[in-house]
Structure formats: structure tokens, C-alpha cells
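All remarks here apply to the structure that follows.
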Amino acid sequence: MKRLISFAAAASALALVVSGCANYAQPSASSSSTASAPAAITDLSGLKGKTLAVQTDTTGQKYAEEHKAEFGYNIKVFDDLPGAVNAVLAGTADATINDNGVLYDFAKQNPTTKVVKEFNTGENYGFNVGKTNTGLLDVIDAALIEAKTDGTYKAIYQKWFGTDGPADVPTAPAASGAKPVLVDPTKLTVCTHLAYRPFQYLDTDNTTIIGFDVDLADVIAKKLGVTQKIVDIDFGQITSGAVFAAKKCDMGAAAITITPERDAAAPFSVGYFAATQALLVKP
């Protein structure tokens, strides 16, 4: 089910991502004949002295910082995914690192770019909630496990990634027995962060938010007997749990990697997507 929300800023950012347009100065025949072509970047080791774009508060940023001294690159931090990937398109960054799903989708939309390497970081995405909202966490876990069991998850995965999702069914944690608490009793209010295609982004009408996470959140809302309402908000506010303390939303759904630190701030559901980090360049 689609949700209608207007976000002009997010739409502008997404337009940049989808268009893949940038101006590039072409080398002259004389310069190309006298200078050898730079070595192709196929790994972090090829970035020595170059610029690696990262999105703030992500596993990609953490991974890049951990290996910066080893490979000698410079890190440029962006507030969101469109900024990082468009820096590669514009030539102001030599590569970017982020989750594999979003970068493969971006390369598909922008064929002048390419994913050249993946790094297995053992990541899983989860939906998070406020610390005391254990009843809602129970419902989220139950909905995800049911979707894995009855084929709903497989259909949604096929829709967004063109292949069958993993067949494993997570083990249900012990239920708390508490009742779920909603900011608006008639809605499941979901905080997300645009744009992160194909997980959450604006459709071609620039008002409708669609994506893999959106479809899964609809499954959870249906189990609660309500409809979904989506709020676009800063990613760091979701991972820190600030949005729940401020009663801005009930659940965070923004392709959030589960980490011990984040789980302590705002508890996570069972994992719903296994991800790796990937390196995108413009060959």
C-alpha cells in the first residue's frame, strides 16, 4: 500500500540520484597519448590519496574509518546517500561505500557507475522501537516470522530485488506479554530517512513513499489492524531512539543495521535483511 507524503527536499535529492547527470571534461587526444590511464579502482587499496565518500552514522562510515590508515584514502562525509553517490557521479569523490542493496540499485539506474567490491560485515537490518514498547516489538517479530513462513516475505523480496529472499526463518524471542503502544491508535507511525532506494524512496510522482521497508511495514500495520503513516526524519534521530522519546513515531524503518549500541538505545526486531558493504566507483 502506498503512502502519500510531500517532501520537497527529499524529492530534489532523489531527482539527482535517478538522473545520474553530470558534466565531465573529456581529455584531449594529445593528453591521452602522452599520459597513461590511472589504475582502475577495484578495492580500498586502490584509493590511496583519493577521496572516499561515506554517509554519516552508517556501517559504511565505520568500516571506512577503520581501514583509513591502512589504505591511505581521505574520507568525505555526507548527510545522506544521494550526496555520497552523486559525489562519485560528479567526480568530487573517487568512490563511495554503503550497503550492497542500495549501491547495486544505484548502479542499475546509473550505468556509468559500478559496484566493484563487497565486504562481508555480517550485517542484518532490523526495525527498532522505544525502549519500553516491548508489546509493539512482540507484534513486529510475530509479523516478520509469519511473513517468512507464509511466503509474503518471499514475494516482497522478489518484487524489489528480482530474486528469492533467504529461506531461513528467525527464531521468535520470548514474548513480553505487554500491549503495543501507538502514538496514534489508528496508525502505525513509522520514521524513515529518504532516500535509500530500494528500501525507502519517493516514487515518480515525488510524493508517494515506496520501497522494500515500506511494504514490510505495511505487513506489520495489517497485523496491528491499522494503517501505516510515514515520517521522513534524520537518520541519527532514529538510531539514537530520540524519535521515540519525543513520541514522533512508533517504529523505525530505514534499512538500519543492528548493532549492540543501537539496540541498547532503541531495541530491534529480529533481522529482516542480510547486507554487506559494497564499493561503488565510476570507471
Side-chain angles (χ1 to χ4, degrees), residues 1 3 5 56-59 99 101 122-149 152-153 156-157 165 168-194 196 199-201 209-275:
M1 187 181 299
R3 300 287 171 265
I5 301 178
T56 188
D57 293 324
T58 61
T59 306
D99 295 351
E123 295 172 65
N124 272 289
Y125 295 166
F127 299 125
N128 65 349
V129 302
K131 285 184 178 182
T132 61
N133 206 351
T134 55
L136 178 56
L137 203 59
D138 290 344
V139 175
I140 295 170
D141 285 339
L144 290 175
I145 291 170
E146 287 174 13
K148 281 261 190 173
T149 304
T152 301
Y153 178 90
I156 294 173
Y157 199 101
D168 63 299
V169 178
T171 302
S176 69
K179 292 184 178 180
V181 178
L182 302 178
V183 173
D184 176 347
T186 67
K187 307 282 185 185
L188 173 64
T189 306
V190 177
C191 278
T192 193
H193 181 66
L194 301 177
Y196 209 67
F199 295 92
Q200 63 269 349
Y201 66 102
I209 299 177
I210 60 174
F212 181 70
D213 279 14
V214 177
D215 283 358
L216 283 180
D218 267 338
V219 172
I220 297 164
K222 183 178 180 181
K223 187 168 182 63
L224 285 163
V226 298
T227 56
Q228 180 185 177
K229 174 185 176 183
I230 305 174
V231 179
D232 180 28
I233 203 162
D234 179 73
F235 187 72
Q237 290 190 46
I238 304 172
T239 57
S240 69
V243 291
F244 308 119
K247 300 188 182 303
K248 292 182 178 179
C249 58
D250 308 306
M251 182 179 87
I256 309 169
T257 298
I258 300 170
T259 68
E261 297 79 13
R262 289 174 176 174
D263 189 61
F268 280 97
S269 67
V270 295
Y272 67 87
F273 184 86

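In this chain, residues are counted from 1 in sequence order.
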* Can you check side chain to side chain contact (heavy atoms under 4.5 Å, CB included) on M251 and V190, steps first, answer last? -> CA-CA 5 Å; M251 182 179 87; V190 177; 4.0 Å; yes
* To do: For L182 and D184, run side chain to side chain contact (heavy atoms under 4.5 Å, CB included): C-alpha distance rounded to whole Å, both residues' side-chain angles, the deciding distance at 0.1 Å, then the answer.
  => CA-CA 5 Å; L182 302 178; D184 176 347; 5.8 Å; no
* Does the side chain to side chain contact (heavy atoms under 4.5 Å, CB included) test come out yes or no for T257 and Y125, once each step is laid out? -> CA-CA 4 Å; T257 298; Y125 295 166; 3.6 Å; yes
* To do: Apply the test side chain to side chain contact (heavy atoms under 4.5 Å, CB included) to residues V169 and I145: give CA-CA distance (whole Å), side-chain angles for both, the deciding distance (0.1 Å), then the verdict.
  => CA-CA 6 Å; V169 178; I145 291 170; 3.9 Å; yes
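Contact between A178 and T134 at its shortest, heavy atoms only, is CB-OG1, 3.6 Å. The two atoms that bring L224 and P180 nearest to each other are CD2-CG, 3.9 Å, heavy atoms only. The nearest pair of heavy atoms linking P185 to V226 is O-CG1, 3.5 Å. Across L216 and Y272, no two heavy atoms sit closer than the pair CD1-CD1, 3.5 Å.
One finds the CD atom of E261 at 11.0 Å from the OG1 atom of T239 (value rounded to the nearest 0.5 Å). Atoms CG and CD1, on L188 and I140 in that order, are 7.0 Å from each other to the nearest 0.5 Å. Remark: T192 OG1 to I238 CD1 distance equals 6.0 Å, nearest 0.5 Å. Interatomic distance, S240 OG to D57 CG, rounded to the nearest 0.5 Å: 9.0 Å. Of the inter-residue distances, the one linking D215 atom CG with Q228 atom CD reads 9.0 Å to the nearest 0.5 angstrom. The distance from atom CD1 of I230 to atom CD1 of I233, rounded to the nearest 0.5 Å, is 13.5 Å.
Annotation: side chain of N133 is not in contact with side chain of F244 (no heavy-atom distance under 4.5 Å). Under the 4.5 Å side-chain criterion, counting only non-hydrogen atoms from C-beta, V231 is not in contact with V243. Within the 4.5 Å cutoff, the side chain of T189 has no heavy atoms near those of the K248 side chain. A 4.5 Å side-chain heavy-atom check between N124 and F273 finds every atom pair outside the cut-off.
A donor atom on one side chain and an acceptor atom on the other are found under 3.5 Å apart for D99 and Y196. Side-chain contact annotation: D138 with S176, donor-acceptor N/O pair under 3.5 Å present.
Side chain of N128 to main chain of F268: no donor-acceptor pair is present (N/O by atom type, distance under 3.5 Å, no hydrogens or angles). A donor-acceptor pair under 3.5 Å is absent between the side-chain atoms of S269 and the main chain of G126, judged by distance alone. Here the side chain of Q200 pairs no donor or acceptor atom with the backbone of V214 at under 3.5 angstrom. Using a distance-only test at 3.5 Å, with no hydrogens or angles considered, no donor-acceptor pair links the side chain of K179 to the main chain of G135.
Under the 30°/60° scheme for interplanar angles, the aromatic rings of F212 and Y153 are found to stand perpendicular.
Considering only residues two or more places apart in sequence or on other chains, T132 meets the side-chain contact (heavy atoms from CB on, under 4.5 Å) condition with none of them.
When each of I256, L137, D213 is tested with F127 by the rule side chain to side chain contact (heavy atoms under 4.5 Å, CB included), just one qualifies, namely D213.
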